[in-house]
Amino acid sequence: MKTQSRPFPTIIPMRTLLALLLLTLTAVARPPNVIFILTDDQGWGDAKFAGHPYVKTPNLDRLAKEGTWLRQFYVAATVCSPSRAAFMTAHYPARHQIHGHFSDHAQNAARSMPDWLDAEVTTLPDLLKQAGYATAHFGKWHLGHGKDAPAPEAYGFDVSKTVNSSGPSLGDEGKEPYFRARSTTLMVDETIKFAQANKDRPFYVNLWTLVPHAALKPTPEQLAVYAELQPKADDPAFGEWTRKYYANAKDLRSQMQVFCASLTDLDTQVGRLLDALDTLGLTNDTLIFFSSDNGPEDYRIGNAANAGVGSPGPLRARKRSMHEGGIRTFGLVRWPGKVPAGRVEETAVTGGVDFLPTIAALAGVKVPASLAPDGEDKSAHWLGGGAAPRTRPLHWEWISGVQGPEDGYMPPPLCVRDGQWKLFVKHDGQGAQLFDIPKDAAEKHDVAAANPEVVKELTAKALAWAKTLPASPARDKFVAGGAVRTTPRTGQKTKANLDRPKIFESWDKNKDGFLAKDEFIPHMGDQADAPARFIRFDQDKDGRLSKDEFVRAGN
């Protein structure tokens, strides 16, 4: 019988022992991978788990079941570019003069805006990259593009493939009619490859989709899922504001089919990503945050096409409004074993400006004092702690002159959410409107008259905040009674409406009285939608835009 010899003890050098100890501690305290999925114009009610009666979203439902739904999560703006800037910087977008979406230079200048987010500003990817994270951005950018605009890599990303940027392109919608319908697949492909290449180190990915922003054109295969759909304008699953809105929609069936088909494919691609993380063994090491950049589009907007039937659920209004339906979006957080599963957080008020300090805290990254974030670290709450009150309220300013969906109605341009209260007020302190959001999420009852002390306190906070913002000619013009664009609901021109005939003349470089594609597309703020917009504007389908077609498209 063989006898087993006892080996002599191995003497491990101190340096090796320390290295092994550090490796063990690192494995235990490994900072999370972070994947930030930001959809475009998805409403607060646009998922099955959120009560939508028609759309199929099994994978978003899975995220909600396996994570926490922050039901009072707010983005920092009513439209895309300023909302995205806040996520990146933890600053209210007005601090960077970003009052609306980035467009061509003339339209940016008309709103006193720069042409892109300043690349010298410290961003979340900057901080994570300095801490050893691999960083990537796949999908929509819309933080500035065109001549001399910095690429996403200037903002802290190692790699990117994007739309609406000056960096490497994800694809060309002008050459592929179903590009938007397949774009989420391309983004998820890139994200999976990036995760696989960096599975042994922490990574951060912005996965910012094009869907469900207009104009939607699902593939026949995607559309077939909803071939039998028969939506009802008065479906009781929708809130009162939504039911009233849908009652006036033209061809609701076709619009809802297209919208649901597009959103379900987005959901399918999210499922592919979740499955890939499982396969790579990264699920428990990866925090996923899911939101939208603002509320759902309005079918009465000229380029909305079939994307305009997204649902804010029971909330009031839609994109371009500081009412709940325009700024309250999903805040889904999943990190298995760390973030409580199946939790629906009803009371805590959190916002897009909190994203940077919260992710930095979870990653063990210090936020420099020089960054001076407007947001707060909410990591303890994300991880299951109690809903501690905010130390500072959330603020908004909207001076681009369009609200909705109520025709002819535009609430005051400053807004503050503090505890249960939400106040609208003008820059001169007049016209206050007050809502008790936990009791009245649909904002049907203005209770300002019954709460004068609350109005006084919140008005003072709103005006004090406004004084911290940099000076803006666009703000001065708005306060003086003007605005910067047409109100699309009624066709009523604002005092400072853009002069479309003059714009046409400046874009018509060869002075032939028409705009060709190469004269029109470079001026569009949304480059992904620009080819489709050109086709919609071209009413006689001759491949060029007359002055009449161009001017009428803006009415």
Side-chain angles (χ1 to χ4, degrees), residues 42-46 50-53 69-75 77-78 232-249 252 292 294-300 308-331 344-349 351 393-396 398 402-426 430-459 462 487 489-490:
Q42 183 177 4
W44 195 79
D46 285 329
H52 199 289
W69 179 13
L70 304 172
R71 280 172 59 91
Q72 292 202 58
F73 177 82
Y74 292 89
V75 290
T78 70
K232 301 175 182 177
D234 60 349
D235 196 303
F238 294 122
E240 179 181 347
W241 290 108
T242 308
R243 290 197 299 271
K244 289 180 178 178
Y245 176 82
Y246 287 166
N248 296 317
L252 178 62
S292 175
N294 47 248
E297 183 56 281
D298 185 333
Y299 70 84
R300 289 169 288 187
V309 293
S311 172
L315 307 180
R316 179 175 181 175
R318 313 174 75 78
K319 180 178 179 180
R320 302 178 190 84
S321 172
M322 294 188 299
H323 281 299
E324 296 288 281
I327 57 176
R328 191 159 148 184
T329 69
F330 293 136
V344 178
E345 171 51 69
E346 297 278 4
T347 58
V349 176
L394 290 175
H395 292 275
W396 294 266
W398 180 239
V402 180
Q403 299 277 346
E406 302 96 333
D407 287 342
Y409 166 70
M410 189 164 64
L414 291 176
C415 180
V416 56
R417 176 72 197 272
D418 194 11
Q420 74 194 80
W421 303 110
K422 181 177 177 184
L423 179 92
F424 293 90
V425 70
K426 296 179 181 179
Q430 301 300 306
Q433 300 175 17
L434 183 69
F435 299 94
D436 184 343
I437 296 303
K439 295 179 181 178
D440 182 24
E443 295 172 286
K444 295 170 62 177
H445 307 290
D446 178 1
V447 294
N451 297 275
E453 291 303 314
V454 175
V455 170
K456 181 179 179 181
E457 178 184 355
L458 295 191
T459 295
T487 302
R489 316 291 191 266
T490 63

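Worth saying up front: this structure is predicted, and the values here are computed from it rather than measured. Hydrogens, waters and symmetry mates are skipped; everything else that's a heavy atom, side chains included, is used.
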Check your understanding: Under the 3.5 angstrom rule, does the side chain of Thr242 hit a backbone N or O of Gly313 as a donor-acceptor pair?
Key -> yes

Review point. Distance from Asn451 atom CG to Asp446 atom CG, nearest 0.5 Å?
Key: 10.0 Å

**Study point:** Euclidean distance, Leu414 CG relative to Lys426 NZ, rounded to 0.5 Å
**Key:** 11.5 Å

Point to revise | Minimum heavy-atom distance between Ala462 and His395, given as atom pair plus value | key: CA-CE1, 4.1 Å

Practice item. Would you check if the side chain of Glu457 reaches a backbone N or O of Thr459 as a donor-acceptor pair within less than 3.5 Å? Key: no

Study note, to complete from the structure: Nearest heavy-atom approach of Lys422 to Cys415 is CE-SG, 3.5 Å

Check your understanding: Any side-chain heavy atom of Pro393 sitting closer than 4.5 Å to one from Trp421?
Key -> no

Review point. Just checking, is any N or O donor in the side chain of Asp298 or Tyr245 under 3.5 Å from an acceptor N or O on the other one?
Key: yes

Point to revise | Minimum-distance pair of heavy atoms, taken over all atoms of Val75 and Asn294 | key: CG2-CA, 4.1 Å

Check your understanding: Nearest 0.5 Å, what's the NZ-OG1 distance between Lys319 and Thr329?
Key -> 13.5 Å

**Study point:** Heavy-atom closest contact (Ala432 atom, Ala448 atom, distance)
**Key:** O-CB, 4.0 Å

Revision key, fill the gap. Arg318 and Pro296 have their tightest heavy-atom pair at CB-O, 3.2 Å

**Study point:** Backbone of Arg71 reached by a side-chain donor or acceptor of Arg328 within 3.5 Å
**Key:** yes

Check your understanding: Have Thr347 and Glu345 got a donor and an acceptor in their side chains that come within less than 3.5 Å?
Key -> yes

Check your understanding: So do the side chains of Asp436 and Pro438 get within less than 4.5 Å of each other, counting heavy atoms only?
Key -> yes

Check your understanding: When rounded to the nearest 0.5 angstrom, what distance separates CG in Leu70 from CZ in Phe330?
Key -> 12.0 Å

Review point. Does the side chain of Pro53 come within less than 4.5 Å of Phe238's, by heavy atoms?
Key: yes

Review point. Under a 4.5 Å cut-off applied to non-hydrogen side-chain atoms, are Arg243 and Lys232 in contact?
Key: no

Review point. Between Asp46 (side chain) and Ser311 (backbone), is there a donor-acceptor pair under 3.5 Å?
Key: yes

Review point. Can you tell if the side chain of Met322 reaches within under 4.5 Å of the side chain of Thr78, non-hydrogen atoms only?
Key: yes

Check your understanding: With side chains defined as the heavy atoms from C-beta onward, is the minimum distance between Glu324 and Trp241 less than 4.5 Å?
Key -> no

Practice item. Examine distances only and state if a side-chain atom of Gln72 and a backbone atom of Glu346 form a donor-acceptor pair shorter than 3.5 Å. Key: yes

Review point. Is Arg417 positioned over the aromatic face of Tyr74, cation under 6.0 angstrom from the ring centre and no more than 45 degrees off axis?
Key: no

Check your understanding: Where does the angle between the aromatic ring planes of Trp44 and Trp69 fall among parallel (under 30°), tilted (30 to 60°) and perpendicular (over 60°)?
Key -> tilted

Check your understanding: Side-chain contact, heavy-atom cut-off 4.5 Å: Val447 with Lys439?
Key -> no

Review point. Looking at side-chain heavy atoms only, is the closest gap between Glu443 and Leu315 below 4.5 Å?
Key: no

Exercise for review: State, to 0.1 Å, how close Pro452 and Ala450 come at their nearest heavy-atom pair, and which atoms those are.
Suggested key: CD-C, 3.4 Å

Review point. In Å and rounded to the nearest 0.5 Å, what is the CD to CG distance from Gln420 to Leu434?
Key: 8.5 Å

